[in-house]
Amino acid sequence: MNTSFRTCSVTGLKIHSEAEKLIKINAVTSVVFLLVGGLMAILIAMTRWPAVHLLPEDLFYRFLTLHAIAMLVAWIIFMEMAILYFTSAVLLNSRLAVPKVAWLAYILMIGGAGIVAVTILLGKADVMFTSYPPLQADPMYYLGVILFAVGAILGCCVFFATLIVAKSEKTYEGSLPLVTFGAAAAAIIAIITLAHGAIIYVPTWLWSLGIIQHIDAPTYRLIFWGFGHSSQQINVCAMIAVWYLLGTLTVGSKPISQKLCRTAFVLYILFIDIASEHHLLVDPGLSPAHKSWNTGYFMHLAVLASMIHAFAVPASVEVALRKKGYTKGLFEWLKGAPWGNPAFSSLVFSMVGFGFLGGITGITFGTEQLSIISHNTWRITGHFHGTVVAGTTMAFMGLTYYVIPLIFRREYVAPKLASAQPYLFGIGMFLVSFSMMFVGGFGVPRRHWDITFTDAIFKVSFNPVVDIGMAVFGIGAILAVVGGAIFCLQAVATLLMGRKLA
Amino acid sequence: MSISVPETYWWKPVDREEKIWVTVALIWCIFITLMMPYWHFTGKQNPPWETYKIKPEQFEKLAADFIAKHKVGEDNGIPVVEPPPGGDAFLVASTWKFEPVLKLQKGQTYRLHVSSLDYQHGLSIFPINMNFMILPDYDYVLTITPTESGDYRIMCNEFCGIGHHNMVGKITVT
């Protein structure tokens, strides 16, 4: 068994070489998928902006499907695997348990994601991320998703096994660090989520092979969203663990109350998956009692958890900066914050974007009456670009700015560009998210190739202010994609050409 | 530090500021939770939940009979139908059209049955922006009372294949 370690010269942490390799390969793979998803993003954004209307209809829907898979599934879950290995083996000074299983997990995930991507690009799965039956994709599409999910479950198991190894080999004393605790919460949610994925994708795969005759549409929707939305709750939980991590790495913050922060993570495990119900509020069949119960107090206990983190993270940053001497008035600590550090600015954009753009709007959709005016409009897309892109993606980008020097031990090739990158990407995504929600309020549908309805038998003419919203969206999308490209190119160039750190 | 093992006494009492914050947040969460059933009973508009299982062929037949009985004209090749006020009306979604065009009267209540003959579709009523799902094998009954006259559009807002963006229907209210 390979148990060689090195000691990090910056943090003093002991790093297991197998864990390091796995963190590297998962992080690199995730950035490659971010690049693929980003390329798709600019193509579909420039199609939705009616002033440009770039792609033909079939390519638009195909690339939209690939964009969602590459971003929502591949970029984020590969990065989460890197986070799980980092928060278990590295933060606990432990060896990674069963590295062979972790490699098998990686192979299954990359194989699955590859099969899905190729099937989509071959035009055999123009079904969107949701793949609602009776719309059918090639069996390879469902098989790819299943392989990926099995791989991700194995990765979570390696994480839990490492926690056990660290405890029994006494690599640390006392309780888990908060970040590891948060990652454990994310891994528990991941297993619940991926189990839903298996429950619904296996019969759907058999149906696509002709072995099962029929998939009931509302049953699929109910179980699918246990996977489709809950997979984004893994992100929320992992993102908040990363917030605490970035707070510590950038300004040396300490959690204000470990007790509350940990309680909040437990509330996520217990209640956040129920938020998935809000996809079904205007579906046939479900009773108002069912809807109110599931999106009512259960969901709001998860909201309470978010409110706890919303206080704890900024407060700990403020306390840390005040301790550094920025004590004048109410806001001097804000002036003294390291705004040029891309990890810090990413953290701030992530918190503001997730909370104010994505989070609040998401909670409103959980009300059945408000779902009537928002379901499947672009308002929904705006909401999750606030949570997943402005929120999770920015947090993970911020983390990458530490992974590169600490794990890959390379110096950025363009540090000035790194400082500017979060601002470009963040402002771009805020414009994208906000404009999507704005025009969605006028009824502009999501997943739609032509909102000018040129070929439709009945014309629909939106309020002219929608044109302005679409232009703001287009400009925001260009800014964000430029910011995203700088991030990806910087990461790749640094890995290939960056000066080696001792 | 969030990345190191917490001090032995990490369960020490929560600070006053944080206690106030959590209390206010909890009260607000309870309030918005109670608003949900409250609004269901006092608000004037809820998503309907009356639903029946039905085979697509059966629904198509019911709708065809309804169209034949109440047809008053044609619009772009789609039959225009004036359902009896207070009665049942049918709207059929299929790739990529809505049938028929409905002529409704202001202030009258209709039981609008919607279902799909093939894929999942969306029912987005423009410009009032009301959105519902249309699923195959299920007859979703929307009890509606138009309150303003005018020309309305129905857009499909659930992806249903490459021609999805052309799927537009029409309702007129007089």
Side-chain angles (χ1 to χ4, degrees), chain A residues 57-58 61 91 126 128 132 134-135 172-175 177-179 217-218 244-245 247-248 254-260 281-288 292 296-297 300-301 303-304 307-308 311 367-369 371-373 375-377 442-443 445-450 453 455-458 460, chain B residues 1-6 8 10-12 14-15 17-18 21-22 25-26 29-30 32-33 36-37 39-40 43 45-47 49 51 76-78 97 118-120 122 124 126-127 129-133 135-140 153 155-162 164-170:
Chain A
E57 51 196 2
D58 52 342
Y61 291 120
L91 287 186
D126 295 332
M128 301 289 133
Y132 286 140
L135 207 59
Y172 70 101
E173 299 271 334
S175 308
L178 178 61
V179 173
Y244 286 109
L245 179 60
T248 297
K254 274 172 77 171
I256 303 290
S257 163
Q258 294 257 359
K259 181 163 67 175
L260 263 184
L281 293 179
V282 293
D283 275 19
L286 298 174
S287 73
S292 295
Y297 83 92
H300 293 140
L301 284 172
V303 173
L304 180 67
M307 295 301 280
I308 292 173
F311 183 92
T367 307
E368 51 173 340
Q369 294 83 4
S371 193
I372 296 179
I373 61 167
H375 181 76
N376 272 357
T377 68
F442 291 91
R446 68 188 289 196
R447 297 170 163 180
H448 201 278
W449 178 67
D450 179 23
F453 294 93
D455 299 328
I457 52 168
F458 299 113
V460 179
Chain B
M1 296 290 162
S2 62
I3 56 172
S4 47
V5 170
T8 326
W10 60 262
W11 51 86
K12 66 181 190 279
V14 178
D15 288 338
E17 288 82 0
E18 209 165 9
W21 171 269
V22 175
L26 180 62
C29 287
I30 293 169
I32 51 177
T33 297
M36 294 177 106
W39 197 248
H40 182 85
Q45 190 161 278
N46 292 308
W49 60 94
T51 307
N76 282 293
I78 308 278
K97 60 176 195 259
D118 39 48
Y119 300 130
Q120 302 193 14
S124 178
F126 178 85
N129 191 21
M130 296 182 71
N131 305 277
F132 301 97
M133 282 306 299
L135 304 182
D137 303 323
Y138 289 83
D139 170 11
Y140 194 9
R153 295 287 177 271
M155 298 181 281
C156 175
N157 64 5
E158 186 53 78
F159 177 72
C160 54
I162 300 301
H164 152 65
H165 46 270
N166 290 329
M167 187 165 166
V168 180
K170 186 172 166 184

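Numbered from 1 within each chain, the chains take letters A, B, ... in sequence-line order.
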**OP:** Give a yes or no answer on whether the side chain of B:His165 reaches the backbone of A:Arg447 with a donor-acceptor pair at less than 3.5 Å.
**Re:** no
Original post:
Is the A:Tyr61 to B:Phe159 ring centre distance short of 6.0 Å?
Top reply: yes
**OP:** Give a yes or no on whether the backbone of A:Ile372 and the side-chain of B:Asn131 come within a donor-acceptor separation of less than 3.5 Å.
**Re:** yes
Original post:
Can you tell if the side chain of A:Tyr132 reaches within under 4.5 Å of the side chain of B:Glu158, non-hydrogen atoms only?
Top reply: yes
Subject >> B:Ile78 portion near chain A, given a 4.5 angstrom heavy-atom threshold >> reply: side chain
**OP:** Flag the one option from A:Pro284, A:Pro255, A:Ala456 with the top tally of heavy-atom pairs under 4.5 Å to chain B.
**Re:** A:Pro284
Original post:
So, do A:Phe453 and B:Met155 sit near enough that their side-chain heavy atoms are less than 4.5 Å apart?
Top reply: yes
Original post:
So which part of B:Phe126 gets closer than 4.5 Å to some heavy atom of chain A, the side chain, the backbone, both or neither?
Top reply: side chain
Original post:
Taking A:Asn376 for the side chain and B:Asn157 for the main chain, is one N or O donor matched with an acceptor at less than 3.5 Å?
Top reply: yes
Original post:
Do you know which two heavy atoms are closest between A:Pro134 and B:Gln120, and how far apart they sit?
Top reply: CD-N, 4.2 Å
**OP:** Could you label the plane-to-plane angle of the A:Phe311 and B:Trp21 rings as parallel, tilted or perpendicular, counting under 30° as parallel and over 60° as perpendicular?
**Re:** tilted
**OP:** Let me know if B:Asp139 has heavy atoms under 4.5 Å from chain A in its side chain, its backbone, both or neither.
**Re:** neither
**OP:** Kindly give the heavy-atom pair with the smallest separation between B:Ser2 and A:Thr248, and that separation in Å.
**Re:** OG-OG1, 2.7 Å
Original post:
Taking C-beta and beyond as the side chain, do B:Ser4 and A:Pro177 meet within less than 4.5 Å on heavy atoms?
Top reply: no
**OP:** Could you tell me which of A:Leu281, A:Val303, A:Asp126 has the largest number of non-hydrogen atom pairs under 4.5 Å with chain B?
**Re:** A:Asp126
Subject >> Min side-chain heavy-atom separation B:Pro47-A:Ser371 under 4.5 Å >> reply: no
**OP:** Give, as side chain, backbone, both or neither, the part of A:Leu260 having an atom under 4.5 angstrom from any heavy atom of chain B.
**Re:** side chain
Subject >> Contact summary for B:Tyr140 and A:Asp283, nearest pair of heavy atoms >> reply: OH-O, 3.5 Å
Subject >> Minimum side-chain heavy-atom gap A:His375-B:Met130 below 4.5 Å >> reply: no
Original post:
Any idea which of A:Met307, A:Glu173, A:Arg446, A:Gln369 has the most non-hydrogen atom pairs under 4.5 angstrom with chain B?
Top reply: A:Gln369
Original post:
Should A:Ile308 and B:Val22 count as side-chain neighbours, where that means a heavy-atom distance under 4.5 Å?
Top reply: yes
**OP:** Return the option, out of B:Leu26, B:Asn76, B:Asp15, with the maximum number of heavy-atom pairs under 4.5 Å with chain A.
**Re:** B:Asn76
Subject >> Region of B:Tyr119 that comes under 4.5 Å of a non-hydrogen atom in chain A >> reply: both
